[in-house]
Amino acid sequence: MSYIIKGETGDWEVVIGLEVHAQVISKSKLFSGASAEFGASPNEHVSFIDAGMPGMLPVINERCVEQAVRTGLGLKAKINQRSVFARKNYFYADMPQGYQISQYDQPIVGEGTLILDMPDGATRAIGIERLHLEQDAGKSVHDLSPTKTMIDLNRSGVPLMEIVSKPDLRSPEEAGLYLKKLRSILRYLGTCDGNMEEGSMRCDANVSVRPVGSTDLRTRCEIKNVNSVRFVMMAIEHEAMRHVDVYESGGKIDQETRLYDSNKNETRTMRSKEMAHDYRYFPDPDLLPLEFDDAFVAKIKSTLPELPDDKKARFISAYGLSAYDAGVLVAEQDNALYFEEVANGRDAKLANNWVTSNLFGVLNARNVPITESPVSAKNLGRLLDLIADNTLSTRLAKEAFEIMVETGKDADTVVTERGMKQITDTGAIDAAIDQIIAANADKVEQYRAGKVQLIGWFTGQVMKATQGQAAPALCQELLKKKLEV
Amino acid sequence: MSLDKATIRRVATLARIEVPDAELEATATKLSGILSWIAQLSEVNTDDVLPMSGGTDLKLPWRADVINDGGIVDKVLANAPEAQDGFFSVPKVVE
């Protein structure tokens, strides 16, 4: 499904590349022993290194190297066993060194691939250009004083992975899918928590447009500071429209950095990067090249979990699920784990329905993760067993499920306490039917005269008389027998 | 290699070093001299030599992922011209 902008002069397509900054899960910072944890009081997690004090030397955190390699392996990417840290020079109040330690022409991870799961079940491969390690900057707080800016360096030196895609994305929707998939992979790997709201995953979007059929890349603009998947999609949509308008009115696009304002749904020029863009990268003389051997990579590779793409393929082949359903289940590792526990040895499609509609409905309404589900996978599985052995009708099972959600009790307890067993004893149902037929002679006559849809009404009456516990299929069968003599 | 006055002005701006107009010419001459002196290195044939980061066989030291630093707000702020509530306080930065 292609995304086309209808302009006055013709059709345009949008070309998008994303740069994602993902905070590496580690205890301490990339080059210092200060804590990398979020949310401490100002400058509490700051060492002399992070504060850019003269004479301090950075020392690489081995955990961060492992995490970068692990992420590279998860993205099926080339691992560079020799990479180089470089200084990216610019001045800003919250960057005390006057440069950011990053990687430039020799990153730790090279080209890889990320598979998009399209809503129609199809897939599309998006190229990864590179992944490199770098330090985060500190934080400027502008609203505490009318005349001063307050600087907190807690984030200064926090390890980031910058993951750069190739300009392969063609619609805001694809950009959204890319971010969700990347987040899913990072969370599976345990290398980033993927929390965009807290800033542990941030996204810059490079956007340009070109006439449909053209293959050259036009001037792009970089949109910074977008902190949710939805806003990234909206910002791209807006920016692409702006480019089309500029071109069609005879103007030209300047390469620049723009800020997205989610309140106004517009982008605006952030600053002229004419000067700022001249970063004068050079190899950091404080750091020797980062090197490791095959054994280091192999050891990390041996600890990789089953990743979303593989898990999805297995769910399709082993459980007979649709690509879409499998995609929904594997997006979060905990959901996939829960589903497998329920589906194991049972009807997988029934398990999928109960997990993705009934259970997810409850979790969404309560806004709790599946790990805090009021109904455990074991208990939901037992409920499905009670449907399978005809103890419960689907209707009774839904009632039992609601009670399980409210009370946290297991299925057997709920069924026993509430006497919910489905009545499959024909004698008991027959008695109820006879009573209803005797009391509603007019309806019986109408039914026999051809108004067969009244069967629904009769069934309802029988269910009512048996407190909803008659097996509905059995009930209809017996009713038909009696009504059609 | 010879640097012109415009380049000197630009480099000075990027490095936040003030170079008065009157000194641009002299600075250009001095920096050009340094560059041509360094440029002599390009006379050496390095065709089959791998890039190196030093004259010795040193390896990049790694550290374990443990928290053993930080928690020294007072020391970090000790030399700050101005501080407030644990923050560095600087002239308003307007984006």
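Within every chain, numbering begins at 1; the chains are lettered A, B, ... in the order of the sequence lines, protein sequences first and strands thereafter. No hydrogens, no waters, no symmetry mates; every other heavy atom, side chains included, goes into these values.
Neither the backbone nor the side chain of A:V84 comes within contact range of chain B; no heavy atoms are under 4.5 Å apart. With a 4.5 angstrom heavy-atom cutoff, B:V66 touches chain A only via backbone atoms. Residue contact with chain B, scored on non-hydrogen atoms closer than 4.5 Å, involves the side chain of A:F292 exclusively. Heavy atoms of B:N79 lying under 4.5 Å from chain A are absent altogether. Proximity to chain B is limited to the side chain of A:L153, based on heavy atoms less than 4.5 angstrom apart. In this structure, chain B has a heavy atom under 4.5 Å from the backbone of A:L30, while its side chain stays farther away.
Rounded to the nearest 0.5 Å, atoms OG1 (A:T149) and CZ (B:F88) are 14.0 Å apart.
Proximity of the aromatic rings of A:F296 and B:W62 is defined here by a centroid distance below 6.0 angstrom, and this criterion is met.
Between the side chain of B:D65 and the backbone N or O of A:K27, at least one donor-acceptor pair lies under 3.5 Å. B:K59 places no side-chain N or O within donor-acceptor distance of the main-chain N or O of A:L288, the cut-off being under 3.5 Å.
Residues A:M150 and B:Q84 form a side-chain contact, since some pair of their non-hydrogen atoms from C-beta on lies under 4.5 Å apart.
Ion pairing between a basic and an acidic side chain is recognised when a charged N comes within 4.0 Å of a carboxylate O; B:D69 and A:K29 show no such pairing.
When all heavy atoms of A:I60 and B:P61 are compared, the pair lying nearest together is CG2-O, 3.4 Å.
Heavy-atom contacts from other residues, nucleotides or ligands closer than 6.0 Å to CD of B:E18 number 12 or fewer.
For the 3.5 Å distance criterion, the side chains of B:R63 and A:S32 fail to qualify, holding no donor opposite an acceptor.
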